[in-house]
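Notes follow the structure.
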Protein chains: 2
Amino acid sequence: MTLVSKEYSHTYTLTAGECNPQAMMPVTLFAARAIEVATFHANSLGAGYDRLISDGLAWVLSRLSIEMYRSPEVNSQYTLHTWIEGFNRHFSERNFEMTDSRGEVIGHARSVWMAINIKERRAADLAMLESLRDSVSEKVCPMDRMTRFVPVGAAEGVEESRYRFRYCDCDFNRHVNTMRYMELLLNCRDMDFYDSHRVGRFDIAFMHEAKFGEEATVRLADAGDGSFNAEISGGDVCYSRSRLRFVDLKYRKK
Amino acid sequence: MTLVSKEYSHTYTLTAGECNPQAMMPVTLFAARAIEVATFHANSLGAGYDRLISDGLAWVLSRLSIEMYRSPEVNSQYTLHTWIEGFNRHFSERNFEMTDSRGEVIGHARSVWMAINIKERRAADLAMLESLRDSVSEKVCPMDRMTRFVPVGAAEGVEESRYRFRYCDCDFNRHVNTMRYMELLLNCRDMDFYDSHRVGRFDIAFMHEAKFGEEATVRLADAGDGSFNAEISGGDVCYSRSRLRFVDLKYRKK
């Protein structure tokens, strides 16, 4: 055993069962794996689930940006590396790098985490994790930071659909989970679209918790250049704002 | 390295991010992990994705039965063990045992797999995997085999809902994935129900592939004793038949 490490890596195999219909890693799986290695690293730093729950707190994801340059191949190994870029009393910034089985970098992600008080559902002070400052790494994440989101209201040319959150959309924190928000946006496009496009970048900011039974309005506005601004709202509140950028893909059916 | 093994095990950590709102492992995660260790074991036996795709074939799940006696605790390790119980030219029967971090058995699963010809979407002959017979294990799975399903038609007292399959519901085989069928059935109950009940057993048989854009009718019929017969159909075809058995749970909110 060495001292706690500023970087943490975990190697996975991309199974056929996890691939999307274009035989690629879905961007939602990148998100799930990033959340998983973040959990493993936080646990190893003594800043994980156990530490926070002892104060009645839980980590929640506040912002996530993913860039995928290429997908690992089906049945091949890939590695997710994570490190802390910044930390203060309100937020922890954690980055990710994905490498393929040959060690080539094929994706990056940036994430911002906050803690909530589970009972009061309010942002919590992270001062008790001050020692995490020593775990901040100098490793550079070359992807751009998330820029300001464009609000998307009901307007001419804005696509709109509705979805009521069900039981399986909700997670440990008893609110709608990250992957479900992402899927609601990805589901605005059909199979033909994904046979000719893949997600190049996905930015999402979580603003208000959505809960079981609430009805969401999903809005998508074409911003040109293969980019879309998106919003998921319910009643008077905006649950999340997003930006999706698609790039060309030539999928050949087997 | 030893000879290929008749049993295969993989150890996981149950993260908070994977738990359901009752802080337990969702039955859908058991299914996903079972499919994953089945993939790893098949790969190690030379009967995995690579071997089948060389003949234009892919493994598909035909039947799955899961019993969960208890959930691993959040942030703890659990292990999934798998072995082949039977094999013929049409099907491979593969079983699973879940143990907690102390080695106690907390769940079992039975699965039946077949191969399809990807282009023709027809059942394929598994004769070329005849050597798998040598990998059949004597290990016993104590859970009952799946019994015959009760068809569920539109009738008085039968709950009915509809769902149109979207992009994120579809997988590598370009049809709706196992977990989505299971979630459609679990979503027939609300948060209050799951604060007082958990899944004890889940049986599902896949009968016809559901594809992108198709509209499904979900039907659930109370069979008494906490059990339900369920069916997901579309147009003239029945996609899947299921049986769900719930057991009492006392979830204390944190």
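So that the names make sense, note that chain A is the first sequence line, chain B the second, and so on, each numbered from 1. These figures come from a predicted structure and were not determined experimentally.
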Checklist entry - For chain A, which residues from residues 54-64 of chain B have at least one heavy atom closer than 4.5 Å to it? => result none

Checklist entry - Of the non-hydrogen atoms in Ala23(B) and Phe172(A), which two are nearest, and what is the gap between them? => result CB-CE1, 3.4 Å

Checklist outcome for this item: To the nearest 0.5 Å, atom CE of Met182(B) lies from atom SG of Cys168(A) at 9.0 Å

Checklist outcome for this item: If you tally heavy-atom pairs under 4.5 Å between each of Asp171(B), Thr13(B), Thr28(B) and chain A, the highest tally belongs to Asp171(B)

Checklist entry - Mind checking which of residues 184-194 of chain A sit less than 4.5 Å from chain B, heavy atom to heavy atom? => result Leu186(A), Asn187(A), Arg189(A), Asp190(A), Met191(A), Tyr194(A)

Next on the checklist: Below 4.5 Å, heavy-atom pairs only: which of Met24(A), Arg180(A), Glu18(A), His175(A) has the largest tally toward chain B?
Outcome noted: Arg180(A)

Checklist outcome for this item: Among residues 30-42 of chain B, residues within the sub-4.5 Å heavy-atom range of chain A, in order of number, are Arg33(B), Glu36(B), Thr39(B), Phe40(B)

Checklist outcome for this item: With chain A, the option among Asn43(B), Asp169(B), Asn177(B) that has the most non-hydrogen atom pairs under 4.5 Å is Asn43(B)

Checklist entry - In this structure, are over 12 heavy atoms from other groups packed under 6.0 Å from His208(B) atom NE2? => result no

Next on the checklist: Applying side chain to side chain donor-acceptor pair (under 3.5 Å), can you list everything that pairs with Ser65(A), at least two apart in sequence or on another chain?
Outcome noted: Asp203(A)

Item to check | Residue Asn173(A) versus chain B: region with a heavy atom under 4.5 Å | outcome: neither

Item to check | Flag side-chain contact, heavy atom, 4.5 Å: Asn20(B) against Tyr167(A) | outcome: yes

